[in-house]
Amino acid sequence: MDTDIKTESSSSATLSGGAQDRTVTPGMVVTALLVPVVAVLGAVTSLRVEDIDMDWVHRQQAACRHMPFPKMEYVVAWSGPVLGLSAMAVCVLLARWTRRRWGLRLWDTWPGLLAFVCAVLNVLAILLELFMLWATYNPDASGPILGDCG
């Protein structure tokens with residue numbers, strides 16, 4: 001009788017392992033991989049804001065006159081936080097879907113764990129993205145120094 005109980009528990013452990021393998025679908029893997037990709041794109045676009053600003057300053061110095069502020073810098077500055085927050089939204093939707101469909105927490109599957117870790121790290125990237133957005137709307141009060149144009 002004791003061997004029957006051991007057999008039942010070992011078969012249920014095997015079943016739960018097989019059930020967990022079925023929870024990882026191609027759609028879940030693609031969705032989980034979207035989180036780090038979108039998070040990295042958000043951080044990269046926010047860092048691009050500084051490049052656009054430096055190019056603008058260098059063009060003014062080369063032309064020896066003040067030039068209009070590039071509108072593209074606003075677009076790129078806004079795209080950083082939008083992408084960062086989109087990555088968080090995808091992670092939350094993936095967690096809700098995993099919980100509804102299988103009753104598992106997000107980090108109980110490897111794609112969910114990847115999405116969760118990237119979302120946690122993305123919090124720092126969102127802070128950077130928001131700072132770059134703030135810096136775009138608050139330029140240096142002294143303005144670009146044109147140098148000796150004489």
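These figures come from a predicted structure and were not determined experimentally.
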Kindly give the heavy-atom pair with the smallest separation between Leu114 and Ala32, and that separation in Å.
CD2-O, 4.4 Å
Shortest non-hydrogen contact from Thr45 toward Gly80
OG1-CA, 3.4 Å
Starting at SG of Cys91, measure out to CG of Leu34 and round the result to the nearest 0.5 Å.
11.5 Å
With a sphere of 6.0 Å drawn around CE of Met67, does it hold more than 12 non-hydrogen atoms of other residues, nucleotides or ligands?
yes
Applying the 4.5 Å side-chain criterion to the ILVMFWY set and letting contacts propagate, would Leu121 and Leu94 be lumped into a single cluster?
yes
I'd like to know whether CZ of Arg59 has more than 12 heavy-atom contacts from other residues, nucleotides or ligands below 6.0 angstrom.
yes
Are Leu113 and Thr109 close enough that some pair of their side-chain heavy atoms sits under 4.5 Å apart?
no
Give a yes or no on this: more than 12 heavy atoms of other residues, nucleotides or ligands lie within 6.0 Å of atom CH2 of Trp78.
no
Heavy-atom side-chain proximity of Ile126 to Leu85 below 4.5 angstrom
yes
Linked, directly or transitively: Val44 and Val49 (ILVMFWY side chains, under 4.5 Å)
no
Kindly indicate whether the side chain of Leu47, heavy atoms from C-beta on, has any atom under 4.5 Å from the side chain of Leu128.
yes
Glu73 (side chain) donor-acceptor with Ile52 (main chain) under 3.5 angstrom:
no
Using modelled atom types and a 3.5 Å cut-off, is there a donor and acceptor pairing between side-chain atoms of Ser46 and backbone atoms of Ala43?
no
Phe116 and Val120: CA distance, side-chain angles, deciding distance, side-chain contact (heavy atoms from CB on, under 4.5 Å) verdict
CA-CA 6 Å; Phe116 178 74; Val120 169; 3.9 Å; yes
Check for me, please, whether Val75 and Val38 land in the same ILVMFWY cluster - side-chain distances under 4.5 Å, paths through other members count.
no
Within the structure provided, determine whether Arg96 and Val92 are in side-chain contact (heavy-atom separation under 4.5 Å).
yes
Rounded to the nearest 0.5 Å, how far apart are CZ of Arg48 and CG of Leu41?
14.0 Å
Anything under 30° is parallel, anything over 60° is perpendicular, the rest tilted; go ahead and classify Trp56 against Phe69.
perpendicular
Are Trp134 and Met132 co-members of a hydrophobic cluster defined by side-chain heavy atoms under 4.5 Å apart?
yes
Where Thr98 and Arg105 come nearest, the two heavy atoms and their spacing
CG2-O, 4.1 Å
Name the orientation class of the two ring planes belonging to Tyr137 and Tyr74 (parallel below 30°, tilted from 30 to 60°, perpendicular beyond 60°).
tilted
Are Leu127 and Leu133 grouped together when hydrophobic residues (ILVMFWY) are joined by side-chain heavy atoms under 4.5 angstrom apart?
no
Within this structure, what is the CG-CD distance for the pair Asp55 and Glu50, rounded to the nearest 0.5 Å?
10.0 Å
Rounded to the nearest 0.5 Å, what's the gap from CE on Met72 to OG on Ser79? Could you check?
8.0 Å
Are Glu129 and Val82 close enough, and set up right, to give a side-chain contact (heavy atoms from CB on, under 4.5 Å), and what steps lead you there?
CA-CA 9 Å; Glu129 294 157 2; Val82 167; over 6 Å; no
Between Pro111 and Val29, what is the shortest heavy-atom contact and its length?
CG-CG2, 4.0 Å
Check Val35 against Ala119 and note the closest heavy-atom contact, atom names and distance.
CG1-N, 4.2 Å
Test item: Asn122 side-chain N/O and Pro36 main-chain N/O as donor-acceptor pair under 3.5 Å
no
